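Everything numeric here is computed off the predicted structure, so don't read it as measured data. Naming: A, B, ... by sequence-line order, numbering from 1 per chain.
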Amino acid sequence: MAKDQHQISLTFPDGNARAYDAGVTPAIVAESISKSLSKKAISATVDGQHWDLQWPIDADAQVAIHTMQDEAQANELVRHDLAHIMARAVQEIWPDTKVTIGPVIENGWYYDFDREEPFTPDDLGLIEKKMKEIINKRDPVTTEVWDRDVAIKYYEDRGEPYKVELIESIPGDEPLRMYWHGDWQDLCRGPHLQHTGQVPGDAFKLMSIAGAYWRGDSDRAMLQRIYGVAFTGKEKLRAHLNMLEEAAKRDHRKLGREMDLFHMQEEAPGQIFWHPNGWNIYTELQDYMRRKQRAGGYVEVNTPQLVNRKLWEESGHWDKYQENMFIVEVDEDHAREKAVNALKPMNCPCHVQIFNQGLKSYRDLPLRMAEFGSCARYEPSGALHGIMRVRGFTQDDGHIFCREDQIEEETAVYIDYLTSVYKDLGFDSFRVKFSDRPEQRAGSDDIWDKAEDALLAATRAAGIEPEMNPGEGAFYGPKLEFVLTDAIGRDWQCGTHQVDFVLPERLDATYIGADGAKHRPVMLHRACLGSFERFIGILIEEHAGKLPFWLAPRQVVVASITSEADDYVAEVVETLRVAGVRAEADIRNEKINYKVREHSVGKVPVILAVGAREVEEKTVSVRRLGEKQTSVQPLADVAAQLGTDATPPDQR
RNA sequence: GCUGCUGUAGCUCAGAGGUAGAGCACUCCCUUGGUAAGGGAGAGGUCGAGAGUUCGAUUCUCUCCAGCAGCACCA
């Protein structure tokens with residue numbers, strides 16, 4: 001025994017320390033503490049790192065032993081073990097299937113397979129059954145560290161090319177860890193549970209099958225991905241499935257139909273037919289944004305939809321963005337050549353044209369130029385999604401022409417502006433991603449340093465620590481992305497703020513400096529909502545259709561209980577309209593129950609029911625959406641209150 | 001764009017190789033009813049489009065279009 005037998009000191013969460021032989025595993029540590037802990041243990045945290053019970057500890061460390069009660073660690077292990085168990089199940093059922101990778105994700109995991117035959121929804125049941133069998137076997141989970149070449153040889157022999165490639169792409173030449181779930185083996189960093197029986201067999205569910213490119217590269221093989229969700233107990237699984245069901249009810253596509261907001265049809269894929277109700281939201285939001293922009297020191301402009309290719313060639317879009325552009329060729333009489341135009345996919349080149357008219361002075365900067373710019377982009381068919389990702393949309397676009405040393409200040413001003421807009425629209429918090437220099441880029445590192453520093457400094461000064469998105473910036477400059485999530489938690493970039501050194505150069509934008517010489521301005525591209533279409537989609541889902549009163553397309557329905565109240569209904573509607581409220585009458589020959597149900601389903605925020613009593617007393621019976629309680633109040637009071645509610649937040 | 005799935009009445013969905021059904025919505029009639037569906041009758045469909053197989057296709061096959069989930073791409 002040449003092994004190092006020195007002692008190490010392990011400190012536990014309660015502050016107590018104990019001495020162990022070096023190389024002790026958390027499993028042994030747990031046993032030394034108590035028999036029951038040893039049984040319940042699933043993993044450990046060693047100096048902040050999630051640690052397998054079988055991994056040795058070689059030096060003094062802070063150690064915490066985890067059980068299923070430790071939600072974060074337990075979820076990670078359960079999901080990760082299930083990924084392996086699922087891969088084993090799939091290979092047991094279809095041995096010709098090749099395995100690739102299977103990471104833990106939010107609420108579950110996925111695993112990508114390569115197999116000739118596509119998996120069918122029925123297969124999911126089969127796989128789940130097999131997985132439960134594996135769990136019931138309580139097969140031990142074991143781990144070993146292998147040399148690289150041994151691992152590569154092993155996978156080559158087994159006909160697992162993806163694993164070979166994976167190993168070859170792992171940098172360095174450190175040894176690799178292998179895990180076994182019973183006889184089934186996978187390359188894996190770990191940690192894992194101790195045996196398959198530790199996975200709760202009733203707290204997972206396979207959700208869906210989808211295609212996914214190997215290594216996320218659309219030039220490479222399309223694999224089959226199976227998604228699963230898993231939790232530490234079946235109640236939590238049930239709660240999650242329940243949440244998904246509830247979220248589906250908030251889907252803007254469903255609510256858009258139910259609230260009669262918009263529709264889309266085959267003849268115009270990715271474009272929206274706004275119905276009166278939906279257009280009401282849109283225009284109300286646009287009116288609000290226009291006021292905010294004015295207050296924010298922007299000048300509003302408007303530029304052409306259809307622009308000759310010459311400008312797109314100069315801007316660089318013809319080269320870099322052509323496949324996303326709608327190109328329109330016009331055969332003009334007597335013309336020698338066809339005129340080739342493109343619907344604008346962005347507004348920036350047009351804004352530079354306005355900037356370029358006349359001479360600009362340094363005194364004009366920063367120049368904040370805004371447009372509700374309608375853009376058309378030929379988005380890939382598979383990218384379209386309701387009104388959130390469309391081919392025709394309108395950005396609340398803006399470009400700030402400024403000096404390099406104004407970037408930070410303008411960014412700070414912008415973040416402040418965006419924050420107040422989001423707050424007014426019901427988003428008190430949002431995520432910010434910071435994307436820095438990509439490999440392929442224009443401009444010197446010196447300029448990039450300054451631009452990145454300026455964006456980061458302004459963001460942090462606003463008290464926001466952005467998520468880092470390394471290498472994801474545009475080729476012309478770094479950017480901030482403001483991200484909101486939809487009903488089922490998918491991320492959508494709404495606001496954006498980007499620095500651009502390139503376009504002013506390409507389109508030769510200049511201003512005259514204090515020194516009398518021409519200088520190049522920097523352009524900041526920014527959109528706050530992003531696009532009205534996407535933002536309205538997010539708004540609908542965020543509020544489950546129950547929009548803030550001032551944005552609600554139908555604010556009040558005044559419903560008669562008996563036809564004797566019809567005249568009074570008209571009077572109430574008129575009073576509300578005068579107070580600035582969108583009110584409509586419902587004097588149909590229907591029961592009040594029926595009317596209440598219909599307008600509740602239609603998400604009308606306020607229903608005022610009036611019958612003989614209200615006519616007599618000049619009152620209304622107020623029922624707010626989502627409340628069972630009603631209250632009878634004087635008409636004048638209700639009109640005043642609703643008039644206030646209907647006032648946009650910036651005008652209160 | 002890629003992989004898989006889907007496309008039947010305005011909506012949600014049944015259905016079968018022999019040219020279609022339900023509920024809700026819609027229209028009309030009865031009902032005037034106090035806060036989430038009162039009753040009755042009626043009308044409504046080239047079964048996504050095109051081609052093929054078949055005596056016969058909405059049903060089977062192929063192509064296209066659109067939608068859904070995911071991937072890739074992106075506001």
Side-chain angles (χ1 to χ4, degrees), chain A residues 110 112 117-121 123 207-227 251 253-254 257-258 260 263-270 321 323-324 345-346 373 375 377-390 393-397 472 474 481-484 488 490-496 498 525-535 537-538 559-566 587-602 607-614 621-623 625-632:
Chain A
Y110 67 76
D112 288 346
E117 290 272 295
F119 293 114
T120 68
D123 291 342
M207 302 296 283
S208 62
I209 312 154
Y213 296 109
W214 168 233
R215 316 212 104 190
D217 183 343
S218 58
D219 291 331
R220 308 206 56 181
M222 176 63 77
L223 306 172
Q224 298 188 65
R225 176 173 297 179
I226 301 178
Y227 285 93
D251 190 309
R253 294 164 296 190
K254 182 174 154 71
R257 207 167 37 239
E258 290 171 358
D260 195 16
H263 85 271
M264 305 178 84
Q265 63 187 53
E266 261 191 55
E267 289 79 358
Y321 206 70
E323 59 178 19
N324 284 293
M346 329 185 160
C375 298
R377 296 184 189 170
Y378 188 79
E379 298 287 2
S381 57
L384 302 179
H385 181 91
I387 66 172
M388 308 261 241
R389 183 83 181 268
V390 289
F393 58 100
T394 301
Q395 298 176 313
D396 65 317
D397 205 359
E472 294 294 312
E481 293 173 24
F482 301 85
V483 178
L484 296 172
I488 63 168
R490 287 179 289 218
D491 280 357
W492 293 93
Q493 182 194 319
C494 292
T496 182
Q498 313 181 11
H525 304 251
R526 39 110 295 161
C528 181
L529 303 180
S531 74
F532 284 92
E533 291 76 5
R534 175 174 296 180
F535 205 92
I538 294 278
S560 57
I561 293 169
T562 68
S563 54
E564 287 148 31
D566 288 359
I587 54 170
R588 292 175 302 172
N589 176 12
E590 295 291 352
K591 288 195 165 184
I592 192 64
N593 290 345
Y594 183 89
K595 296 181 182 180
V596 165
R597 179 186 146 79
E598 188 176 279
H599 299 124
S600 298
V601 167
I607 298 171
L608 301 181
V610 299
R613 211 156 61 222
E614 287 77 10
S621 159
V622 184
R623 182 190 169 110
L625 183 58
E627 292 174 17
K628 273 218 135 58
Q629 220 67 2
T630 63
S631 66
V632 177

**Q.** Contacts of type side chain to side chain contact (heavy atoms under 4.5 Å, CB included), residue Ala210(A), not counting sequence neighbours
**A.** Tyr227(A)
At under 4.0 Å between heavy atoms, what does [X] touch on the DNA or RNA strands: base, sugar-phosphate, or nothing?
X	result
Met207(A)	nothing
Arg389(A)	base
Arg490(A)	sugar-phosphate

Q. Does the pair Lys254(A)/Glu258(A) count as a salt bridge with the N-to-O cut at 4.0 Å?
A. yes
(Q) Does either side chain, that of Thr496(A) or that of Gln498(A), offer a donor lying less than 3.5 Å from an acceptor on the other one? (A) yes
Q. Is the backbone N or O of Ser560(A) less than 3.5 Å from a side-chain atom of Lys595(A), with the two atoms forming a donor-acceptor pair by type?
A. yes
Q. Is there a donor-acceptor pair closer than 3.5 Å between any side-chain N or O of Asp396(A) and the backbone N or O of Gly530(A)?
A. yes
Q) What residues in residues 379-387 of chain A put a non-hydrogen atom under 4.0 Å from any atom of RNA chain B? A) Glu379(A), Pro380(A), Ser381(A), Gly382(A), Ala383(A), Leu384(A), His385(A), Gly386(A)
Q.
Please report the distance, rounded to the nearest Å, between OH in Tyr594(A) and P in C30(B).
A. 18 Å
Q) Which comes earlier along RNA chain B counting from the 5' end, the contact point of Thr562(A) or that of Glu472(A), where each point is its nearest nucleotide? A) Thr562(A)
(Q) Measuring only between side-chain heavy atoms, which start at C-beta, is Glu614(A) closer than 4.5 Å to Val632(A)? (A) yes
Q. Are the ring of Phe393(A) and the six-membered base ring of A75(B) within the stacking cut-offs of under 5.5 Å and under 30°?
A. yes
Q.
Give me the distance, rounded to whole Å, that separates G56(B) from C71(B) when you measure between the C1' atoms they each carry.
A. 43 Å
